[in-house]
**Student:** 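Take a look at this one; I'll ask things after.
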Protein chains: 2
Amino acid sequence: MAGQVQRQTGVALWRQIADRIRQAISAGAYDETGMVPPETLLAQQFGVNRHTVRSAIAALAQEGIVRAVQGRGTLIERKERLNFPITRRTRFTAGIGEQARAMRGLLLSHSEERADEEVARWLKLRAGAPVIRMETVRKADDRPVSCATAWFPAERFAGLPAVYEKTESITRAFADLGLSDYVRATTEITAAHADAADLAALELTPGAIVLITKAVNTDLEGVPVQYAITRFSADRVQFTIEN
Amino acid sequence: MAGQVQRQTGVALWRQIADRIRQAISAGAYDETGMVPPETLLAQQFGVNRHTVRSAIAALAQEGIVRAVQGRGTLIERKERLNFPITRRTRFTAGIGEQARAMRGLLLSHSEERADEEVARWLKLRAGAPVIRMETVRKADDRPVSCATAWFPAERFAGLPAVYEKTESITRAFADLGLSDYVRATTEITAAHADAADLAALELTPGAIVLITKAVNTDLEGVPVQYAITRFSADRVQFTIEN
DNA sequence: TATTATTTGTCCGTATGTATA
DNA sequence: ATATACATACGGACAAATAAT
């Protein structure tokens, strides 16, 4: 774990160190022992005081990632970074399914509104056309991995929110409404610091990073059926693209 | 720009505010006036003292994103985000080419070494096989957009660093060495805070976010020819995947 | 069983950075 | 520019729990 931490940057040392240790755990750096190196060693490696390392470990313990035991060391409790494949047949629930026991999609809120210019462009509707907007959070084993704002053509998918609430999956909700198959047309990926809404929805702490996708799904004729802006906790997921 | 900043989280308020303003600029929130709202208004919106907003704006000015002018306001100097398409025929220079006038790839350093387990796995070599490692930075109009560590099978691509230094492009360097075409096999995408090496190579300020790709290119027979870990400034780049 | 080394937990004090007024 | 409050970071000393000898 090379590379030093930086001082006087507006990001506390303990937070930089917590981010680095979390990353190292997720990369499998400590798989042999199942433990984080001793505080004194980490302090030496990062060039900081042991107390500063302790602050970082306390933050990771708060997240449930490690558990410090007096006299033994700091045990790794959870080591997760879900892999999310982005393909023509991208499916959230099925894509994550093998990596977690329970996948759930929860509906936070929904409304019917008129498409603004951006939504209309992606869904190939005229601006002002009626659309359904849904705010959702998806959880793997009760840990939130992403939150999304999604728009759907209102006429074609009347009643979608109620069906989604029951099925907890877009794929199954589409199937219930007569759309048996759909494909991913385009995906845009960016990254940013989590905003206040992300922090609440994803149970993150300020300074956390989110991977943001803007994606369009179409039916097999190429007609857009969904436009979604999804925000993933960067600590908990990675994307793969297979060509 | 709704949502409050958070205190006592290891991330200073001025940095949270700087990140939010940078994001708003990049999203086009102030395109009408070309200016950031007055400090007093921002302070009120974020619920902080005006001095704290001034610290945030000073950081953005240091990055060259805004310029504060006494008596006028805070002018937006730069507002950019390059689009980087990820396809089976991903080409850095050609992909960015239409969005910038001059694309350059600069060789920072190179060496011949033995493949560790990770590199060997991706390149489908045995561990310990000779590989060429190159550290590069790519710039669009003299602004760095990514830095990369790339590995190549040493026997097949002897002399690659010298050719790359001359051609400033992997595609052209491959062509010079007899590989006329190649394709992108897999791409993994994650995000993290920039480390010290990123800050230097990409001319970023501490706390900045990098998008990280791990990618393998193969020849047309599916034999791996390159494994690269590339780090993009998240403020300057977005990815698109077309299926 | 007792001893020792290792490792985390707690306490003191001091200096600097952050944020407000 | 000054004053105040709190968070961050450091340094040292010692206590408590665990594992190995």
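None of the values given here were measured: they were computed from a predicted structure. Every chain is numbered from 1 and lettered A, B, ... according to where its sequence line falls, protein lines coming before strand lines.
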**Student:** Residues in ring-ring contact (aromatic ring centres under 6.0 Å, His included) with B:W122, at least two apart?
**Tutor:**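 If we apply the ring-ring contact (aromatic ring centres under 6.0 Å, His included) test to B:W122, skipping adjacent residues, the hits are B:Y227.
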
**Student:** Holding to ring-ring contact (aromatic ring centres under 6.0 Å, His included), I want the full list of residues that pass it with B:F152, two or more places apart in sequence or in another chain.
**Tutor:**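 In terms of ring-ring contact (aromatic ring centres under 6.0 Å, His included), with neighbours along the sequence ignored, B:F152 is linked to B:F174.
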
**Student:** If the helix axis at each end comes from five base pairs, how far does the helix from C:dA2-D:dT21 to C:dA21-D:dT2 deviate from straight, to 10°?
**Tutor:**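 Computed angle between terminal axes is 20°.
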
**Student:** What residues, two or more places apart in sequence or in another chain, satisfy salt bridge (Lys or Arg N to Asp or Glu O under 4.0 Å) together with A:E203?
**Tutor:**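 For A:E203 there are no salt bridge (Lys or Arg N to Asp or Glu O under 4.0 Å) partners, ignoring immediate neighbours.
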
**Student:** Shoot me the first and last contacting nucleotide of DNA chain D against chain B, ordered 5' to 3', at under 4.0 angstrom to non-hydrogen atoms.
**Tutor:**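 Using the under 4.0 Å cut-off, the span is D:dA7 to D:dT8.
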
**Student:** How would you list, by chain and number, every residue that makes a side-chain contact (heavy atoms from CB on, under 4.5 Å) with A:L75, sequence neighbours excluded?
**Tutor:**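 Partners of A:L75 by the side-chain contact (heavy atoms from CB on, under 4.5 Å) criterion, ordered by chain and then number, come out as A:M35, A:R67, A:V69, A:R72.
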
**Student:** Taking salt bridge (Lys or Arg N to Asp or Glu O under 4.0 Å) as the test, write out the residues that go with B:E118, two or more places apart.
**Tutor:**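 If we apply the salt bridge (Lys or Arg N to Asp or Glu O under 4.0 Å) test to B:E118, skipping adjacent residues, the hits are B:K214.
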
**Student:** My understanding is that only residues two or more places apart in sequence, or in another chain, count here; which of them pass side-chain hydrogen bond (donor to acceptor under 3.5 Å, both in side chains) with B:T187?
**Tutor:**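 Applying side-chain hydrogen bond (donor to acceptor under 3.5 Å, both in side chains) to B:T187 gives B:R184.
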
**Student:** Using the test salt bridge (Lys or Arg N to Asp or Glu O under 4.0 Å), find all partners of A:R50 that sit at least two apart in sequence or belong to another chain.
**Tutor:**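 Expected list: A:E39.
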
**Student:** What residues form a side-chain contact (heavy atoms from CB on, under 4.5 Å) with B:P37, not counting sequence neighbours?
**Tutor:**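 By the side-chain contact (heavy atoms from CB on, under 4.5 Å) rule, B:P37 matches B:Y30, B:L41, B:L42.
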
**Student:** Assign a letter to each nucleotide of nucleotides 4-16 of chain C from its 5' end: B, base within under 4.0 Å of a protein heavy atom; S, sugar-phosphate only; -, no contact.
**Tutor:** --BBBBBB-----

**Student:** Could you work out, with side-chain hydrogen bond (donor to acceptor under 3.5 Å, both in side chains) as the rule, every residue matching B:E113, not counting sequence neighbours?
**Tutor:**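 Expected list: B:S111, B:R133, B:W151.
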
**Student:** Grab the CD-P distance between B:Q16 and C:dT18 for me, whole Å please.
**Tutor:**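 Computing the B:Q16:CD to C:dT18:P distance gives 13 Å.
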
**Student:** Taking atom types as modelled, find out whether A:S109 and A:E135 have a side-chain donor-acceptor pair closer than 3.5 angstrom.
**Tutor:**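 Distance-only check fails for A:S109 and A:E135.
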
